[in-house]
Amino acid sequence: MTAVHEQRVLLLSVGAGRFAVVEITGEGSAGERRDLSESELIEWVDRRERAQSPRWVIRAASEIYPRLLSAGVRLGRTHDLVLCHAILRDTAIVPRPLAPSADWARREPVVEAPALFDAFDESVEEHPVDQALAQYRAQSDVIASSTDGRLLLLCAAESAGGLIAEEMRAAGLPWDDVEHDRILTEMLGTRPIGGGLPSRMVELGDRVREILGDRSLHLDSQPKMLRALHRVGVHVESTSKWELAQHEHPVVEPLLAYKKMSRLLSANGWAWLAEWVHDGRFRPVYVPGGVVTGRWASSGGGALQLPRGLRTAVRADPGWMLIVADVAQLEPRMLAAMAADQAMARAAQGRDLYAGVVESGAVATREEAKYAVLGAMYGATTGDSGRLVPRLRKVYPRAMSLVDDAARSGEDGGVVSTWLGRSSPRPSVEWSQLQSRATDADVDQSEVAVARRRARDWGRFTRNFVVQGTAAEWSLIWLAEIRHRLDALPPAPTPAAASGPFARRAHLAFFLHDEVILHVPEEQADAAAEAVREAAAVATRRLFGTFPIDVPLDLRVSRSGEK
DNA sequence: TACTGGTGCGCG
DNA sequence: AAAGCGCGCACCAGTA
């Protein structure tokens, strides 16, 4: 699997606007080295990328790639030392994982950059190159020690994700701010001129205050709202919509409507639009590997929480189209394949896994199937969901054993791993102490109960970790394969308005766990859609070989981003 | 005034 | 008031 002939080049910022590019020899030591200014670097990297497409060994895509992209230069393949450090340090699938190093841990975004450090740049100039090569060698050794190639695939996919995150930010998600404004006005009423709430919210708020008999009630204060509700006989323990909806009282409907509006205004209102959408593009900050399971996180812009109702504001540029694709029930499909559970894989054939579960006779309705499957993966023990899980244990014993074993490992303080070898964090010292105290002879029964509860909490986490993490791996490979295929398409006849380095290229524009949005020239819509389908098939094959698991896509080609 | 924890809700 | 995982963000209230 290892491409021994693959050319590798270290690309490193060495401070003070200087960069080093160093050929990496077969043994992983330094070959020829060039020291370049930023403009020289951009030209050199571009030429080398086009000529040989080496694997670039970089510290972190987030640190170096944005400036290359803004100059129109792309990197094909990388080994991202920071992203891979996290994987290889924590992996439990090899006997000797990577030694942890603070130098290669993810840097917290520095709010204020201390000017102090610039002064040291010159004196340490030689060290970054040597240290980076040493770190790369150490990582390569760990990767090679996973003889089935899992860590090689995982690190390649993770590194590709690092590139894609920056590329999607550079390209942005095409966003129609006029349509967004229209939706806001329709839902919330007229936008206030000099601050304050939009008209419909003012009206609704007044109605709520009137019904509650408190003209000065502050609706955003949970304690005050709770007291006001109690005064009129609505005896809720919280102000959550779920609980409020249980009550029949004239205040419920306008209050729930107000809360919904309030949420839209504060999360994705006009302020959000002004801050996050520029030149017709929404550019969120993606954080690849930001979740322990390997899922991406985001920071700023709430990229992973875009309400469905706002999707109509996603709009392709003239002459371009959007491809919106997602996987239905990715996680249980991953579970069936990981466990090689033929019965569950049969249920997963076709578009609707839950319908397949009903057909298997495990449960009676699709709704029950959904609750049962989610409960199995999340560790439900009570309620409707918990009641249904044992039925799945009968019909899909292999799949259920996999998640049950993962839960037991976690409860015992152990570590679990995804299909490709990303491992769960060790429980905290406090957790371990709590567990060991619970076995003492003279321990208080309440303390035992707390320890048991915390053990089960951690078990639910490790239970879900293997499934959520493997799904994240599938998605990562899917993304990387989509990118690879889109790069083979010819330049666009009509440029996209504000997509920067991607103005003439079909590109990924959005990613959300198991969903992608592509922005593509309309002439290439069919080819791009096919690329998305092929990439999904390849991702499934890469992970599970010939095991017959369906991973069907819901895919539509349109001008807007609705599903 | 700046922080932290709690609440609530959007997404998968 | 969700049950049952993983997130980010806004807002409030209490505290330093």
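What you see is a predicted model; the values in this text were computed from it and never measured. Chain A is the first sequence line, chain B the second, and so forth, proteins listed ahead of strands; every chain is numbered from 1.
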Side-chain N or O of [X] closer than 4.0 Å to phosphate OP1/OP2 of [N]:
{"X": "A/Thr381", "N": "C/dG4", "answer": "yes"}
{"X": "A/Ser298", "N": "C/dC7", "answer": "no"}
{"X": "A/Arg295", "N": "C/dG6", "answer": "no"}
{"X": "A/Lys224", "N": "C/dA13", "answer": "yes"}
{"X": "A/His218", "N": "C/dC12", "answer": "yes"}

What is the distance, rounded to the nearest whole Å, between atom [atom1] of [X] and atom [atom2] of [N]?
{"X": "A/Met261", "N": "C/dA10", "atom1": "CE", "atom2": "P", "value": "21 Å"}
{"X": "A/Glu331", "N": "C/dG6", "atom1": "CD", "atom2": "C1'", "value": "9 Å"}
{"X": "A/Leu388", "N": "C/dG4", "atom1": "CG", "atom2": "C1'", "value": "13 Å"}
{"X": "A/Trp276", "N": "C/dC9", "atom1": "CH2", "atom2": "P", "value": "8 Å"}
{"X": "A/His247", "N": "C/dA1", "atom1": "NE2", "atom2": "P", "value": "12 Å"}
{"X": "A/Met377", "N": "C/dG4", "atom1": "CE", "atom2": "C1'", "value": "10 Å"}
{"X": "A/Trp296", "N": "C/dG8", "atom1": "CH2", "atom2": "P", "value": "15 Å"}
{"X": "A/Arg422", "N": "C/dG6", "atom1": "CZ", "atom2": "P", "value": "16 Å"}

### Nearest-nucleotide pick for A/Asp220, side chain only, options being C/dC12, C/dG4, C/dG8
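Of the candidates, C/dC12 comes closest.
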### Task
Could you check which of C/dC5, C/dC7, C/dA13 has an atom nearest any side-chain atom of A/Phe461?
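Out of C/dC5, C/dC7, C/dA13, the nucleotide with an atom closest to A/Phe461's side chain is C/dC5.
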### Query
Of all the base pairs, Watson-Crick or G-U under 3.5 Å, which form stems of three or more consecutive pairs involving DNA chain C?
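B:1-12 with C:5-16 - these are the stems of 3 or more pairs that involve DNA chain C.
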### Message
Any N or O donor-acceptor pair under 3.5 Å from the base of C/dG6 to the side chain of A/Gln468?
### Response
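Check fails, no donor-acceptor contact within cut-off.
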### Message
For residues 214-230 of chain A, which residue pairs pass the salt bridge (charged side-chain N to carboxylate O under 4.0 Å, His left out) check, not counting sequence neighbours?
### Response
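Qualifying pairs: A/Asp214-A/Arg231.
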### Task
Could you tell me from which nucleotide to which nucleotide of DNA chain B, 5' to 3', there is an atom under 4.0 Å from chain A heavy atoms?
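Answer, 5' to 3': B/dT7 to B/dG12.
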### Query
Under 6.0 Å from the CD atom of A/Gln246, do we count more than 12 heavy atoms belonging to anything else shown?
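Yes, enclosed.
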### A/Glu210, CD atom: more than 12 neighbouring heavy atoms under 6.0 Å
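It does not: A/Glu210 CD has 12 such atoms or fewer within range.
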